[in-house]
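Working notes for the structure below.
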Amino acid sequence: MTDTSRTTAPGPSRGPVAVLIGPMGSGKTTVGRALARLLGVPFADSDAAIVEADGRTIPVIFEQDGETGFRTVEQRVIARLLTDHRGVLALGGGAVTTGATREALTGHTVILLDVDEDAVGPRIGTGEGRPLLAGGPDPLAAWRERTASRAPLFAACATHTVDTTGRTPDQIARTIADITGTKEQP
Ligand SMILES: Nc1ncnc2c1ncn2[C@@H]1O[C@H](COP(=O)(O)OP(=O)(O)OP(=O)(O)O)[C@@H](O)[C@H]1O
Ligand SMILES: O=C(O)C1=C[C@@H](O)[C@@H](O)[C@H](O)C1
Ligand SMILES: [Mg+2]
């Protein structure tokens with residue numbers, strides 16, 4: 001675990017106990033669930049909230065409205081969750097590409113989940129369900145390019161970084177609980 005550019009501010013009095021960001025397949029959804037279970041708080045995932053609000057799947061939103069249309073819905077859903085959700089919040093991999101979302105993350109405890117390419121390969125597979133990976137011939141190459149171009153955005157938003165390579169979701173969740181100083185469920 002390393003401290004990165006932002007400090008953990010006292011934080012907004014409302015909103016999530018921790019927000020997870022990071023590349024596709026870094027484990028935001030999986031670790032977020034484990035962390036919420038560990039802390040005994042609710043879990044929310046922006047991708048799931050988008051599907052619930054919009055009524056279409058993520059691949060269909062991308063197909064019909066393009067990435068720009070998806071980002072518009074994503075930004076609105078995240079703004080709401082950052083205000084209303086009191087538990088653990090996992091964001092979609094590309095959420096930090098929207099300036100308004102980066103701004104809205106200021107003052108929150110934002111955990112960047114890191115993962116290396118060898119570890120993420122089996123996790124993303126063919127990229128099914130992730131339109132930015134599944135559309136081309138080489139999902140891992142697409143992952144590499146997106147992750148590299150987003151690295152400065154992730155770093156700018158994160159208050160802490162946790163490496164997930166070779167560690168189980170429960171181990172990672174425990175590390176995050178230690179970082180945030182949040183009380184675990186007895
Ligand atoms: N620490 C881990 N070790 C091994 N496998 C993991 C780990 N974390 C997640 N996985 C597996 O990797 C896959 C992707 O995980 P997950 O969907 O949580 O990633 P994500 O960061 O939420 O991706 P996205 O940005 O697309 O939402 C899942 O099959 C999950 O079981
Ligand atoms: O990294 C991305 O741009 C994405 C990641 C997923 O979580 C989804 O939000 C969607 O597939 C886009
Ligand atoms: Mg996810």
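We count ligands from 1, going down the list as the structure has it; atoms in each ligand are counted the same way.
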[X] to [Y] - nearest heavy-atom pair and separation:
{"X": "P137", "Y": "P139", "answer": "O-CD, 3.7 Å"}
{"X": "A158", "Y": "L112", "answer": "CB-CB, 3.7 Å"}
{"X": "V77", "Y": "A53", "answer": "CG2-CB, 4.4 Å"}
{"X": "G127", "Y": "A134", "answer": "O-CB, 3.3 Å"}
{"X": "D45", "Y": "L89", "answer": "N-CD1, 4.4 Å"}

Ligand 1-proximal atoms of [X], by part, heavy-atom distance under 4.0 Å:
{"X": "R130", "value": "side chain"}
{"X": "L113", "value": "neither"}
{"X": "D47", "value": "side chain"}

N/O donor-acceptor pair under 3.5 Å between [X] side chain and [Y] backbone:
{"X": "R102", "Y": "C157", "result": "no"}
{"X": "T159", "Y": "V110", "result": "yes"}
{"X": "K28", "Y": "P23", "result": "yes"}

Using a plain distance cutoff, I'd like to know if [X] has any nitrogen or oxygen under 3.5 Å from a nitrogen or oxygen of ligand 1.
{"X": "G25", "answer": "yes"}
{"X": "T168", "answer": "no"}
{"X": "G27", "answer": "yes"}

Output the list of atoms in ligand 2 that are nearer than 4.0 Å to some heavy atom of [X], sorted by atom number.
{"X": "F70", "answer": "9 (O)"}
{"X": "G92", "answer": "7 (O), 9 (O)"}
{"X": "L132", "answer": "2 (C), 3 (O)"}

For this session: Find the distance between CG (D138) and CH2 (W143) and round it off to the nearest 0.5 Å.
Result: 12.5 Å
Exercise. Between CD of Q75 and OG1 of T97, what distance do you get to the nearest 0.5 Å?
Worked result: 11.0 Å
For [X], look at atom [atom1] and say whether over 12 heavy atoms of other residues, nucleotides or ligands are found less than 6.0 Å away.
{"X": "R80", "atom1": "CZ", "answer": "yes"}
{"X": "Q64", "atom1": "CD", "answer": "yes"}
{"X": "E128", "atom1": "CD", "answer": "no"}

For this session: Classify the side-chain pair D114/T161 by whether it contains a donor and acceptor separated by less than 3.5 Å.
Result: no
Problem set entry | Side-chain H-bond candidate by donor/acceptor type, T165 with D163, under 3.5 Å | yes
Please examine the side chains of [Y] and [X], heavy atoms only from C-beta on, and report whether any two atoms are closer than 4.5 Å.
{"X": "P16", "Y": "H108", "value": "yes"}
{"X": "R37", "Y": "D170", "value": "yes"}
{"X": "T30", "Y": "R123", "value": "no"}

With the threshold set at under 4.0 angstrom, would you say [X] reaches ligand 1 through any of its heavy atoms?
{"X": "V31", "result": "no"}
{"X": "G22", "result": "no"}
{"X": "G129", "result": "no"}
{"X": "A90", "result": "no"}

Exercise. Would a search of protein heavy atoms around atom 29 (O) of ligand 1 find one under 4.0 Å away?
Worked result: no
So which protein heavy atom does [atom] come closest to, and at what separation?
{"atom": "atom 5 (C) of ligand 2", "value": "G93 N, 3.4 Å"}
{"atom": "atom 11 (O) of ligand 2", "value": "P131 CD, 3.5 Å"}
{"atom": "atom 12 (C) of ligand 2", "value": "F62 CZ, 4.0 Å"}
{"atom": "atom 1 (N) of ligand 1", "value": "R167 O, 2.8 Å"}
{"atom": "atom 18 (O) of ligand 1", "value": "T30 OG1, 2.6 Å"}
{"atom": "atom 4 (C) of ligand 2", "value": "G94 N, 3.9 Å"}
{"atom": "atom 9 (O) of ligand 2", "value": "D47 OD1, 2.6 Å"}

[X]: numbered ligand 1 atoms lying under 4.0 Å from its heavy atoms:
{"X": "K28", "value": "18 (O), 19 (O), 20 (P), 21 (O), 22 (O), 23 (O), 24 (P), 25 (O)"}
{"X": "G93", "value": "25 (O)"}
{"X": "I172", "value": "1 (N)"}
{"X": "P23", "value": "21 (O)"}
{"X": "T29", "value": "18 (O), 22 (O)"}

Problem set entry | Atoms of protein origin (N, O or S) under 2.8 Å from the Mg ion (ligand 3) | T29 OG1
For this session: From the options L82, T109, I111, select the one residue that forms a side chain to side chain contact (heavy atoms under 4.5 Å, CB included) with V19.
Result: L82
Seminar exercise, completed: Closest to atom 11 (C) of ligand 1 (heavy atoms only, candidates M24, R33, R123) is R123
Seminar exercise, completed: To atom 3 (O) of ligand 2, the nearest of R146, R71, E67, R130 on a heavy-atom basis is R71
For this session: Determine, step by step, whether I21 and F154 satisfy the side-chain contact (heavy atoms from CB on, under 4.5 Å) criterion, reporting the C-alpha distance in whole Å, the side-chain angles of both residues, the deciding distance to 0.1 Å, and the verdict.
Result: CA-CA 7 Å; I21 63 169; F154 288 134; 4.1 Å; yes
Exercise. Does R150 reach ligand 2, in the sense of a heavy atom lying below 4.0 Å from it?
Worked result: yes
